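Accompanying notes for the structure given below.
The shown structure was predicted, so the numbers you read here are calculated from the model rather than taken from an experiment.
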Amino acid sequence: MKYYMHTGGQQLGPFEESELPSHGLTASTMVWREGMPDWVAASQVPELSHLLPPSQQPPSYQPQPGYGPQQPYGARPPMPDTYMVWAILVTVLCCLPFGIVSIVKASQVSSLYYQGNYAEARAASRAARNWAIASAVSSGAIVLVYVAVFFGAVLIGQL
């Protein structure tokens, strides 16, 4: 692939990739080839990194084993929903025991998030949502059973 270089205020090339070092290629040399949208420093073109001296190659940061993907410094993922409103509503209106568990899980979300435990915060958020849903569904099932028993008793009483 043919590259053009921009050094000393003038454009040079085209050169084959292997010819670039003999024409003064450095990490800060601006290069361009067909298919590139704009001129970039040679250190930013991965195909040219093997042509740069080791002191001019861009540092490669490898994650430490066992630590998983790292967030850039200062970057936080968005805070997951706490589902606190739903937890309180199902506790008051539906099933008290499941609602209390949902409130406890919902209250853990923000503290885990601000401690930097993002995965645990997402897990607590999912648990709060699931317990709120379980509370609503179980209350609905209890109401259906109650209505069925009530109407069954009414129908048996009329026979």
Atom pair CG (Leu25) and CG (Leu48), whose distance is rounded to the nearest 0.5 Å: 6.5 Å
CG-CD1 distance between Leu96 and Ile103, expressed to the nearest 0.5 angstrom: 8.5 Å
Heavy-atom pair with the smallest gap, counting every atom of [X] and [Y]:
| X | Y | answer |
| --- | --- | --- |
| Ala27 | Leu52 | N-CD2, 3.7 Å |
| Leu112 | Ala124 | CD1-CB, 4.1 Å |
| Lys2 | Pro14 | CB-CB, 3.8 Å |

For Glu16, I'd like to know if atom CD has over 12 heavy atoms of other residues, nucleotides or ligands within 6.0 Å. yes
Using the side-chain contact (heavy atoms from CB on, under 4.5 Å) rule, take Met5 and His23 through it: C-alpha gap first, then chi angles, then the decisive distance, then the call. CA-CA 9 Å; Met5 296 173 48; His23 292 283; 4.0 Å; yes
Decide whether [X] and [Y] are clustered together by the hydrophobic rule: side chain heavy atoms of Ile, Leu, Val, Met, Phe, Trp, Tyr closer than 4.5 Å, transitively.
| X | Y | value |
| --- | --- | --- |
| Met84 | Val90 | no |
| Tyr4 | Val31 | yes |
| Val104 | Ile88 | no |
| Leu89 | Ile142 | no |
| Phe15 | Val45 | yes |

Show the numbers, then the answer: is there a side-chain contact (heavy atoms from CB on, under 4.5 Å) between Val109 and Tyr83? CA-CA 9 Å; Val109 173; Tyr83 296 100; over 6 Å; no
Using the ring of each side chain (for Trp, its six-membered ring), is Trp39 parallel, tilted or perpendicular to His6, with breaks at 30° and 60°?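 Aromatic pair Trp39/His6 classed perpendicular.
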Please determine whether a side-chain nitrogen of the Lys or Arg among Arg33 and Glu17 lies less than 4.0 Å from a carboxylate oxygen of the Asp or Glu. no
If a pair satisfies side-chain hydrogen bond (donor to acceptor under 3.5 Å, both in side chains) and one of its residues is in residues 122-133, list it, with sequence neighbours excluded. none
Can you tell me which residue pairs pass the side-chain hydrogen bond (donor to acceptor under 3.5 Å, both in side chains) test with a partner in residues 96-116, sequence neighbours excluded?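 Only Gln115-Asn117 qualify under side-chain hydrogen bond (donor to acceptor under 3.5 Å, both in side chains).
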Kindly say whether Cys94 contributes a backbone atom to a donor-acceptor pair with the side chain of Ser135 at under 3.5 angstrom?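 No; judged by distance alone, with no hydrogens or angles, the pair does not exist.
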Pairs under 3.5 angstrom only: tabulate donor-acceptor contacts from the side chains of residues 147-155 to other protein residues two or more places apart or in another chain.
none

